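Scope of the values below: all heavy atoms of this structure, side chains included, with no hydrogens, waters or symmetry mates. We number each residue from 1, following the sequence as shown. This one's a predicted model, so the numbers in the text were calculated from it and none came from an experiment.
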Amino acid sequence: MKKYLLFFALMVTSYHAAAQANKEDVRVLLEVSGIINPYQNIVNQIEEQISEDKRAVFKKDMQGLLTRVRNKQIDDYSKVLTQDEVVRLTEFFKSSLGASFVKKKAQIDLNNMEQDEAINLELQGIIMKYMM
């Protein structure tokens, strides 16, 4: 009987360790890590190009999209990360080193946008060469 109880206790413990992370904690992780920022940055850049009289409506329309993207990311991350991983990663990104990384990564991402566009165009050309 003791063997069965020990086995059951081990099974429950291992299941709990592999369980999904808390979605609210994942939301915090996505915010402090900057994972959600690229989408918001794109919206902000487009907003600057829209006439002022249309910006409020544009922001309202985009908010629904951003909410769906954020919720999908929360679901995806919560399925693959354990609660312990989420807590530890959040602690890292809240640290001075983590915050510095997020800030520098945002700048690197902006710097690489033009290069990424050029690579995508070149990639499309190569792909089209073999598709036709």
Side-chain angles (χ1 to χ4, degrees):
M1 181 68 174
K2 287 182 182 178
K3 289 181 184 178
Y4 291 117
L5 287 175
L6 180 60
F7 176 75
F8 180 74
L10 288 173
M11 291 297 291
V12 169
T13 303
S14 61
Y15 173 77
H16 181 69
Q20 292 184 354
N22 177 291
K23 290 186 179 187
E24 178 59 24
D25 292 340
V26 171
R27 184 193 60 74
V28 171
L29 171 61
L30 295 180
E31 287 178 6
V32 298
S33 67
I35 290 172
I36 194 68
N37 290 351
Y39 300 103
Q40 185 64 55
N41 292 342
I42 291 168
V43 169
N44 292 344
Q45 288 176 351
I46 295 170
E47 180 183 356
E48 291 175 8
Q49 299 172 17
I50 294 175
S51 62
E52 256 185 77
D53 60 319
K54 295 181 182 179
R55 286 184 185 173
V57 176
F58 171 77
K59 286 174 84 169
K60 183 179 176 186
D61 287 346
M62 292 308 297
Q63 193 55 48
L65 174 64
L66 290 174
T67 299
R68 286 192 307 277
V69 168
R70 184 179 308 110
N71 289 342
K72 175 75 170 115
Q73 286 183 325
I74 291 169
D75 286 344
D76 292 346
Y77 278 83
S78 68
K79 289 176 185 174
V80 298
L81 295 175
T82 66
Q83 184 64 25
D84 182 58
E85 290 170 327
V86 170
V87 168
R88 291 171 57 197
L89 285 167
T90 302
E91 288 171 1
F92 168 73
F93 284 113
K94 285 184 174 182
S95 73
S96 60
L97 178 62
S100 175
F101 173 80
V102 170
K103 184 178 179 182
K104 291 175 182 175
K105 182 173 182 331
Q107 186 59 48
I108 291 168
D109 289 346
L110 285 173
N111 294 343
N112 286 336
M113 276 177 50
E114 288 180 20
Q115 179 183 353
D116 290 346
E117 289 175 17
I119 290 171
N120 285 337
L121 286 173
E122 186 176 344
L123 180 61
Q124 286 177 3
I126 293 170
I127 291 170
M128 291 306 292
K129 184 168 80 173
Y130 294 97
M131 299 293 258
M132 301 218 157

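L121 shares a hydrophobic cluster with no other residue; no ILVMFWY side chain has heavy atoms under 4.5 Å from its own.
A distance of 7.0 Å separates CD1 of I35 from CD of Q73, quoted to the nearest 0.5 Å. Taken to the nearest 0.5 Å, the CG atom of L89 stands 12.0 Å off from the CG atom of D25. Atom OG of S78 sits about 11.0 Å away from atom CG of L29, to the nearest 0.5 Å. Here the straight-line distance linking atom CD1 of I36 with atom CZ of R27 works out to 11.0 Å at 0.5 Å rounding. Separation of atoms NZ (K129) and CD (Q124) is listed at 15.0 Å; rounding is to 0.5 Å.
Side-chain heavy atoms closer than 4.5 Å link hydrophobic residues (I, L, V, M, F, W, Y) into clusters, and following such links, even through other members, never connects I127 to I119. Both V32 and L97 belong to a common hydrophobic cluster when Ile, Leu, Val, Met, Phe, Trp and Tyr are linked at side-chain heavy-atom distances under 4.5 angstrom. Put simply, L66 and V57 are part of two different groups of oily side chains (I, L, V, M, F, W, Y) that touch within less than 4.5 Å, one to the next. Residues L123 and M131 share a hydrophobic cluster, clusters being chains of Ile/Leu/Val/Met/Phe/Trp/Tyr side chains in contact below 4.5 Å. In the hydrophobic clustering of this structure, L81 groups with V102; members are Ile, Leu, Val, Met, Phe, Trp, Tyr whose side-chain heavy atoms approach within less than 4.5 Å, directly or through other members.
Between K105 and D109, at least one side-chain N (NZ, or NE/NH1/NH2) sits under 4.0 Å from a carboxylate O, which counts as a salt bridge.
The minimum heavy-atom distance between I50 and K54, with the atom names listed, is CG2-CB, 3.6 Å. When all heavy atoms of E47 and R55 are compared, the pair lying nearest together is O-NE, 3.0 Å. Minimum interatomic distance between Q83 and N22 (heavy atoms only, all atoms of both residues): OE1-N, 2.6 Å. Closest approach of V26 and I74 over heavy atoms only: CG1-O, 3.8 Å.
By the 6.0 Å contact criterion, CZ on F101 is open, its count of non-hydrogen atoms from other residues, nucleotides or ligands being 12 or less. Open room surrounds OH on Y39; 12 or fewer heavy atoms of other groups in view lie less than 6.0 Å from it. Enclosure of atom CZ in F93 by more than 12 non-hydrogen atoms of other residues, nucleotides or ligands within 6.0 angstrom is indicated.
For the side-chain hydrogen bond (donor to acceptor under 3.5 Å, both in side chains) condition, the pairs that include at least one residue of residues 86-95, sequence neighbours left out, are D84-R88.
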Given V86 and V28, is the side-chain contact (heavy atoms from CB on, under 4.5 Å) satisfied, shown in steps? CA-CA 9 Å; V86 170; V28 171; over 6 Å; no
Give the intermediate values and the outcome of side-chain contact (heavy atoms from CB on, under 4.5 Å) for residues L65 and D61. CA-CA 7 Å; L65 174 64; D61 287 346; over 6 Å; no
Output, in order, the C-alpha distance, side-chain angles, deciding distance and verdict of salt bridge (charged side-chain N to carboxylate O under 4.0 Å, His left out) for D75 and K79. CA-CA 6 Å; D75 286 344; K79 289 176 185 174; 5.8 Å; no
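Side chains of N44 and Q40: a donor on one and an acceptor on the other come within 3.5 Å. In this structure, a donor-acceptor pair under 3.5 Å is absent between the side chains of Q45 and N41.
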